Amino acid sequence: MAESAPGGRPGDAVLDEVFGDRRDRAERYVELLAEEGITWGLIGPREADRLWQRHVLNSAAVESLIGEGCSVLDVGSGAGLPGIPLALARPDLQITLLEPLQRRVEFLELAVGTLQLDDQVRVHRGRAEDYPAEGGEPADVVTNRAVAPLPRLLNWCWPLVAPGGEVLAIKGAGAAAEVTKATKALRSMKLAAEVLVARAHPQAESTTVVRVRRSS
């Protein structure tokens with residue numbers, strides 16, 4: 001795929017298909033990641049040339065797995081991944097970015113305000129374990145990206161899933177092995193996991209996602 005700076009930017013046609021009339025906001029988000037995101041230590045300096053593929057499109061790929069009008073809770077949102085790319089690609093979703101660290105919360109608030117997403121995205125500072133006690137509502141979909149191994153992740157995330165909902169965890173190449181290793185934990189929680197591959201666009205790199213639902 002032909003790319004150019006900043007952040008390994010894809011062609012206009014790809015961005016138009018993924019983000020529609022929010023393409024300019026997606027580009028502004030990448031600028032925030034490349035500037036404040038790196039300066040504040042949320043993104044490694046070596047990631048500057050691959051922000052689009054490795055981070056933004058990698059996150060936006062999850063939108064194809066989420067039904068219309070769902071509520072989404074992004075646990076350990078960090079720099080807003082995958083929550084902000086999901087919001088930009090899917091205006092119909094209502095998204096909460098859950099993050100415990102103050103500096104990251106400040107970046108998330110800056111990004112949400114700068115990208116004019118206040119009516120769709122809210123930022124909540126806190127830990128997943130404390131979220132229900134702090135008045136947080138369960139979500140149809142709980143997302144996360146490179147947060148923790150699956151058993152620990154589900155201990156945090158599954159209590160935040162609304163009835164009939166699911167967890168969508170972005171994982172790396174070892175996702176299948178991780179699911180196998182977590183078989184006992186999944187069975188004890190009466191959950192079932194499957195490994196899926198999604199793409200934000202046919203020209204984008206693939207994203208590996210572990211989907212966890214209540215077992216039948």
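Computed from a predicted model, the values in this text were never measured in an experiment.
The aromatic rings of His124 and Tyr131 sit perpendicular to each other, their planes meeting at more than 60°, with 30° as the lower class boundary.
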Please evaluate residues Arg28 and Val30 with respect to the criterion side chain to side chain contact (heavy atoms under 4.5 Å, CB included), reporting the C-alpha separation (whole Å), side-chain torsions for both, the decisive distance (0.1 Å), and the verdict. CA-CA 5 Å; Arg28 181 69 183 104; Val30 170; over 6 Å; no
Starting from the C-alpha separation in whole Å, work towards a yes-or-no answer on side chain to side chain contact (heavy atoms under 4.5 Å, CB included) for Arg22 and Leu117. CA-CA 11 Å; Arg22 291 182 162 192; Leu117 294 172; 3.7 Å; yes
When you look at Arg9 and Leu15, which way does the side chain to side chain contact (heavy atoms under 4.5 Å, CB included) test go after all the steps? CA-CA 9 Å; Arg9 182 188 184 280; Leu15 296 184; 3.7 Å; yes
Where do Val167 and Leu160 land on the side chain to side chain contact (heavy atoms under 4.5 Å, CB included) test, with the steps shown first? CA-CA 9 Å; Val167 170; Leu160 311 180; over 6 Å; no
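To the nearest 0.5 Å, the span separating CD on Glu27 from CH2 on Trp52 amounts to 5.0 Å. With values rounded to the nearest 0.5 angstrom, Leu32 atom CG is found 13.0 Å from Arg25 atom CZ. Between the SG atom of Cys70 and the CG atom of Leu65 there is a distance of 11.0 Å, given to the nearest 0.5 Å. The CG atom of Leu86 sits 8.5 Å away from atom CZ of Arg90, with the distance rounded to the nearest 0.5 Å. In this structure, Cys157 SG and Arg152 CZ are separated by 11.5 Å, a value rounded to the nearest 0.5 Å. Within the model, atoms CG of Asp24 and CG of Leu115 stand 11.0 Å from one another, a figure rounded to the nearest 0.5 Å.
A salt bridge between Glu178 and Lys171 is present, with a side-chain N of the basic residue lying under 4.0 Å from a carboxylate O of the acidic one. Ionic pairing of Asp119 and Arg122 is not present here: no N-O contact between side-chain nitrogen and carboxylate oxygen is shorter than 4.0 angstrom.
What you find for Ala89 and Phe19 is that their closest heavy atoms are N-CD2, 3.9 Å. Contact between Val212 and Trp158 at its shortest, heavy atoms only, is O-CZ3, 3.6 Å. The two atoms that bring Leu57 and Ala204 nearest to each other are CD1-CB, 4.1 Å, heavy atoms only. Between Ile43 and Ala79, the shortest heavy-atom contact is CD1-CB, 4.3 Å. The shortest heavy-atom contact between Val56 and Pro85 is O-CB, 3.6 Å. In this structure, Val75 and Ala128 approach most closely via the heavy-atom pair CG1-CB, 4.0 Å.
Of the N and O atoms on the side chains of Gln102 and Arg125, at least one donor lies less than 3.5 Å from an acceptor on the other residue. In the model, Arg145 has a side-chain atom that pairs as donor or acceptor with a side-chain atom of His55 under 3.5 Å.
Annotation: side chain of Thr208 is in contact with side chain of Val195 (closest heavy-atom distance under 4.5 Å). Taking the side chain as every heavy atom from C-beta outward, Leu33 and Phe107 approach each other to under 4.5 Å.
Under the 3.5 Å distance criterion, the side-chain polar atoms of Thr207 are matched with a main-chain donor or acceptor of Asn58. Panel note: side chain Glu166, backbone Val142; no donor-acceptor pair is recorded below 3.5 Å. Remark: the backbone N or O of Glu205 is paired with a side-chain donor or acceptor of Gln53 at under 3.5 angstrom. No donor-acceptor distance shorter than 3.5 angstrom exists from the side chain of Thr96 to the backbone of Leu73, with no hydrogens or angles considered. The backbone N or O of Ser77 sits nowhere less than 3.5 Å from a side-chain atom of Arg104 that would complete a donor-acceptor pair. At distances below 3.5 Å, not a single donor-acceptor pair connects side-chain atoms of Arg214 with backbone N or O atoms of Pro163. Within the 3.5 Å criterion, the main-chain N or O of Leu108 finds no donor-acceptor partner in the side chain of Glu99. Between the side chain of Asp92 and the main chain of Glu68, no donor-acceptor pair closer than 3.5 Å is present. Asp140 contributes a side-chain N or O that, together with a main-chain N or O of Ser71, makes up a donor-acceptor pair within less than 3.5 Å.
Counting heavy atoms of neighbouring residues, nucleotides and ligands inside a 6.0 Å radius, atom CZ of Arg103 does not exceed 12 of them.
A side-chain hydrogen bond (donor to acceptor under 3.5 Å, both in side chains) check over residues 32-46, counting only residues at least two apart or in different chains, returns nothing.
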Report all side-chain donor-acceptor pairs from residues 179-193 shorter than 3.5 Å, counting only partners two or more places apart or in another chain.
residue : atom : partner : partner atom : Å
Thr180  : OG1  : Ala176  : O            : 3.1
Thr183  : OG1  : Thr180  : O            : 2.7
Ser188  : OG   : Ala185  : O            : 2.7

